[in-house]
J.: 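Sharing a structure here in structure tokens format.
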There are 2 protein chains.
Amino acid sequence: MVKITDVARQAGVSPSTVSYALSGKRPISEETRQRVEAAIRELGYRPHAGARALASSRSNVLALVVPLRAGIHVPVVMQFAVSVVTAARRYDHDVLLLTQEEGEDGLRRVADTALVDALILMDVQLHDPRLPLLRSLDRPSVMIGFPQEAAGLTCIDLDFRTAGERCVEHLAQLGHRVVALVGSPPEVYVRGTAFAQRVVQGFTAAADRSGLASAVHPCEATPGAARRVAEQLLREQPALTGVVVHNEAVLEPLTDAFEQLGLRVPADLSVTAICPDELAESLRVPVTSIALPSAEVGERAVELLMAKLAGDEVPEATLLPPRLTKRASTAPRPA
Amino acid sequence: MVKITDVARQAGVSPSTVSYALSGKRPISEETRQRVEAAIRELGYRPHAGARALASSRSNVLALVVPLRAGIHVPVVMQFAVSVVTAARRYDHDVLLLTQEEGEDGLRRVADTALVDALILMDVQLHDPRLPLLRSLDRPSVMIGFPQEAAGLTCIDLDFRTAGERCVEHLAQLGHRVVALVGSPPEVYVRGTAFAQRVVQGFTAAADRSGLASAVHPCEATPGAARRVAEQLLREQPALTGVVVHNEAVLEPLTDAFEQLGLRVPADLSVTAICPDELAESLRVPVTSIALPSAEVGERAVELLMAKLAGDEVPEATLLPPRLTKRASTAPRPA
DNA sequence: TTCGCCCGTCGAAGCGCTTCGACGTCACGC
DNA sequence: GCGTGACGTCGAAGCGCTTCGACGGGCGAA
């Protein structure tokens with residue numbers, strides 16, 4: 001293994017000079033820097049991560065806690081993880097993958113052993129048991145999603161409440177008077193997952209404000225469940241003409257079910273969704289949707305964390321504004 | 001921060017004794033161990049990961065390189081990643097997440113800086129450019145999938161060739177004489193992704209051996225593509241009664257397409273698949289399938305790596321035997 | 001000209017842990 | 001009764017890096 005002293009000898013300087021040339025924490029003459037860089041290249045020097053972490057008390061590693069519970073849409077999680085890794089690399093950091101399974105112990109472990117400098121948490125619940133722990137940890141963290149009581153913590157997410165509102169408003173503008181929300185699987189609400197609840201709030205509030213008749217139906221992530229929900233909706237709200245879907249897995253089977261029940265999209269029924277753009281675009285009838293900007297969220301989360309590590313103040317809450325993209329699945333209410 | 005000297009003082013022993021009590025690398029009297037453990041608990045001691053890595057030249061971290069290319073099925077990747085993390089934790093290791101985007105540089109970086117002790121690679125190509133690098137690295141690695149030339153490397157995967165064969169044999173036993181393979185997206189074959197190719201080989205070999213008429217069709221991972229492939233198959237092989245699907249994303253739309261084209265599953269057409277069990281079970285007509293044991297592969301990969309880290313010899317190739325589960329989608333050939 | 005200061009570099013002191021060699025003790029076998 | 005290990009513990013030497021204080025030389029201000 002080639003170490004910093006080897007580089008120093010080769011460049012004819014002291015180890016500390018090599019270190020400063022690398023970190024830029026003290027001025028180094030152009031000429032010396034050149035010599036050091038040449039030596040590094042010739043010897044193929046790579047600083048030892050452990051030694052660096054020990055001496056600097058910075059590991060340059062972030063922890064990412066991914067959820068693996070029922071009812072979450074895996075591709076979104078993955079896309080998010082990838083964007084976190086990519087963004088972290090831009091700041092010369094790596095990403096340690098933790099599963100929620102390990103729970104609070106895992107968080108405490110990687111934080112206390114100084115394995116990581118900071119943490120990113122996904123799938124935050126309204127009353128997340130990890131909150132007190134995060135507050136007590138001496139390392140910065142960012143949460144994807146908003147718990148009920150977020151004081152002192154940094155959170156970021158799509159503004160799901162407004163997203164729910166926008167969907168309803170879009171339908172209202174098109175003249176629809178009876179709408180329904182097909183939501184996430186029941187267990188997601190039971191757990192008190194923040195983003196799902198907020199969609200419901202926004203949906204309901206906007207419907208009330210616009211004087212629409214509305215209903216909310218959780219839905220399991222299976223085609224069968226989608227079909228049953230479609231049937232139930234038509235039974236309970238025969239005048240239904242607008243649907244908001246917040247459940248990636250059933251978006252396609254649900255629209256299929258409606259069509260098989262004799263409702264054409266968008267001629268008889270308008271459909272909007274909150275889901276990744278790729279999904280909305282890939283369907284037979286592309287769906288008017290509010291994008292789930294997982295890549296942007298991941299990137300912003302890393303940026304927030306880096307700012308905190310640098311000692312900067314960051315806003316406690318970052319709500320990304322929803323963007324509604326009109327596609328073929330919505331149309332004015334049939335006469 | 002509480003350190004090992006604090007624990008030592010509290011327990012009335014030397015730091016080295018604490019270390020040995022923790023690692024078990026030298027015998028420590030029961031009584032001393034008790035005192036040390038008590039001290040650790042009282043003080044909430046956690047060994048500093050960087051210091052440990054520096055002194056022991058072991059970071060207790062594995063690198064996991066995940067693919068993010070077109071045509072791979074994300075949930076499988078995720079399930080795999082989770083099983084790797086879970087298995088690694090059983091051996092007191094953590095997992096660093098790398099994307100394929102960083103490529104060989106990323107591998108070299110984490111290996112050379114001693115950030116990780118060992119590596120796991122997914123989505124191996126037949127002629128993977130990373131092979132020479134892996135051979136030159138001084139750290140052990142395990143690849144998920146088999147490259148063409150794997151000498152000196154450790155590989156593990158489902159035995160996809162046999163999986164392809166089993167599917168055909170199952171259909172042949174049921175009396176089918178004309179079969180087709182609906183495969184992964186074309187780009188997967190273009191890249192020379194090992195597992196996809198092997199399925200084709202097994203499928204073709206078994207069909208030839210059994211004297212079946214057979215055809216192979218790659219298929220994009222979209223419902224539209226599935227429909228087109230279904231139409232094409234019926235056009236080109238009017239006598240088709242058996243299909244093998246090796247493409248998670250189109251399994252459902254493809255069977256839907258067949259039914260819409262007037263073929264009932266399994267009355268007119270038998271369908272088998274190579275896919276995760278959950279997917280096969282979740283369809284309207286549960287599909288006879290060979291499971292993609294991602295969890296088992298991940299676990300075994302970690303075990304292989306741990307053995308290599310311990311200095312044990314491990315087999316270069318580990319092929320997991322395919323297990324075919326009969327479900328409702330296959331039946332004897334219609335008379 | 002002299003003082004003070006900044007620039008560029010060096011040496012040394014750790015960072016917190018593991019590990020090696022050494023040493024005292026005790027039990028056992030002859 | 002004594003040599004011989006095995007057992008249990010200690011002290012010290014690093015692991016490879018960062019960082020702090022110090023220092024010489026050059027330059028601008030006084």
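In what follows, chains carry the letters A, B, and so on, assigned in the order in which the sequence lines appear, proteins first and then strands, with residues in each chain numbered from 1.
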J.: Does A:R9 pair with A:D6 as a salt bridge, N-O distance under 4.0 Å?
T.: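 Looking at A:D6 together with A:R9, the answer is yes, because their closest N to O distance falls below 4.0 Å.
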
J.: Which atoms form the tightest heavy-atom contact between B:F80 and B:S294, and what is the distance?
T.: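 Looking at all heavy atoms of both residues, the closest pair is CD1-O, 3.4 Å.
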
J.: Does a salt bridge link A:R191 with A:E187, judged by any charged N lying under 4.0 Å from a carboxylate O?
T.: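 Salt bridge between A:R191 and A:E187, a charged N being under 4.0 Å from a carboxylate O: no.
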
J.: Between A:V13 and B:V18, just flag the one whose closest nucleotide in DNA chain C comes earlier from the 5' side.
T.: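 Upstream on the strand: A:V13.
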
J.: Can you list, in residue-number order, the parts of residues 35-51 of chain A that come under 4.0 Å of DNA chain D, counting heavy atoms only?
T.: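 Output list: A:Y45, A:R46, A:P47, A:H48, A:A51.
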
J.: Does any residue of residues 25-34 of chain A have a heavy atom under 4.0 Å from DNA chain D, and if so, which ones, in number order?
T.: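 Result for residues 25-34 of chain A: A:K25, A:R26, sorted by number.
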
J.: Might you point out which heavy atoms bring A:S141 and A:T154 nearest each other, and give the distance in Å?
T.: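 Where A:S141 meets A:T154 most closely, the heavy atoms are O-CB, 3.8 Å.
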
J.: Closest approach of B:Q10 and B:L43, non-hydrogen atoms and distance?
T.: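 Heavy atoms of B:Q10 and B:L43 come nearest at CB-CD1, 4.0 Å.
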
J.: Walk me through it: do B:E101 and A:R89 pass the test salt bridge (charged side-chain N to carboxylate O under 4.0 Å, His left out)?
T.: CA-CA 11 Å; B:E101 196 180 23; A:R89 286 303 309 143; over 6 Å; no

J.: What is the 5' to 3' range of DNA chain D, first to last nucleotide, that sits under 4.0 Å from any heavy atom of chain A?
T.: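 That gives a stretch of D:dG16 to D:dA22.
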
J.: Does the side chain of B:S14 come under 3.5 Å of the side chain of B:T17 through a donor N or O and an acceptor N or O?
T.: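 B:T17 and B:S14 do have a side-chain donor-acceptor pair below 3.5 Å.
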
J.: Closest approach of B:V76 and B:P276, non-hydrogen atoms and distance?
T.: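 Heavy atoms of B:V76 and B:P276 come nearest at CG2-CG, 3.7 Å.
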
J.: Heavy atoms only: give me the nearest B:P75-A:V74 pair and the separation to one decimal.
T.: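 Between these two residues, the closest heavy atoms are CA-CG1, 3.8 Å.
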
J.: Ignoring hydrogens, what is the shortest heavy-atom contact between B:L119 and B:L137? Give both atom names and the distance.
T.: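 Smallest interatomic distance, heavy atoms only, reads CD1-CD2, 4.0 Å.
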
J.: Contact class for B:S56 (heavy atom, under 4.0 Å): base, sugar-phosphate, or nothing?
T.: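 Sugar-phosphate only.
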
